[in-house]
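Just follow the structure's listing: the first ligand is 1, and inside any ligand the first atom is 1.
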Amino acid sequence: MTPTLEVHPAAAWADAVAAALTDRLRAWPRLRLCLPTGETPVSLYAALSASADAGLWSQATVVLLDDYVGLSADDPAAGGPRLRREIVDHVRPAVFIEIDQSGDLAAAARRHDEAARGLDLAIVGLGLNGHIGFNEPGSTADSATRVVDLHPRSREAAEGYGTEGAPERGITIGLARLLDARELWLLVTGVPKAEILRAALEGPETPDVPASYLRRHPSWRVMADDAAASLLGRADRWMTHRGDTVS
Ligand code: PGA
């Protein structure tokens, strides 16, 4: 389906997305949403943490999108603690569901799949390799929530966060579950993402670019900054809306 595309100047992007999410929470305080880690949402989480009205998140449920397998809680790359530091501890949702990796990992993935059932809103980032969560290249639209072998780029990202562990595997909410969410927002910023965003939106639907399957979602929204959107040559054909701040 045609997404709604919003393009904002980089300096205004975080506040614009924060305002959109705040609107959702005001309209539906019991929002169940999944949130990603990574560099893209850092400024968004800072904006939300600074601006949240007392109680705005007090009935919301936050579900972690993905995590590396086997990192200790004090590892800087560990997703659950990272999301706590960046947003959860500040906005205090009623419930925060990390990926509980105790015991059998396949069972952990199944538990997390249950947790991600019936999301009102899936917020995801776009990997440089086209992944969504850890739905790495090769993933298809029916991919389950599961344990995955990480793509080299995802392992590099963990190393960039200063991990001691160089994790080889991750657990991710599957594309199938994300496509089930009532609404889906794709967050994309920066020049390095421009090419892969173009591939995701304008190239073929393919497992080589798992993000291309987001087009199957009936109600999805791309929230980009102008740098990430700069290569969208056919934007006028599918774009239904631009951020007010862009002419
Ligand atoms: P980034 O990661 O926000 O750190 O660029 C996005 C992703 O890999 O999903």
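Here D120 does not pair with R32 in a salt bridge; the nearest charged N to carboxylate O distance is not below 4.0 Å. The pair E86-R82 meets the salt-bridge criterion, since a charged nitrogen lies less than 4.0 angstrom from a carboxylate oxygen. Between R84 and E98 there is a salt bridge, with a side-chain nitrogen of the basic residue lying less than 4.0 Å from a carboxylate oxygen of the acidic one.
Classified by interplanar angle (parallel below 30°, tilted 30° to 60°, perpendicular above 60°), the ring pair Y161/Y68 is perpendicular.
Regarding atom 3 (O) of ligand 1, its nearest protein heavy-atom neighbour is T40 OG1, 2.5 Å. What sits closest to atom 8 (O) of ligand 1 on the protein, heavy atoms only, is H131 NE2, 2.6 Å. For atom 5 (O) of ligand 1, the nearest protein heavy atom (residue, atom name, distance) is K193 NZ, 2.6 Å. Scanning all protein heavy atoms for the shortest distance to atom 4 (O) of ligand 1 gives E39 N, 2.8 Å.
At least one heavy atom of L126 lies less than 4.0 angstrom from ligand 1.
Residues P9 and D225 fail the side-chain proximity criterion, which asks for heavy atoms closer than 4.5 Å.
Backbone and side-chain nitrogen or oxygen atoms of T37 are examined, and none is located within less than 3.5 angstrom of a nitrogen or oxygen of ligand 1.
Of the residues N135, D113, T172, the one that meets the side-chain hydrogen bond (donor to acceptor under 3.5 Å, both in side chains) test with T145 is D113.
Residue-ligand proximity, G38 to ligand 1, at heavy-atom distances under 4.0 Å covers atoms 3 (O), 4 (O). Numbered from 1 in the order shown, with element, the atoms of ligand 1 that lie under 4.0 Å from a heavy atom of Y161 read 4 (O).
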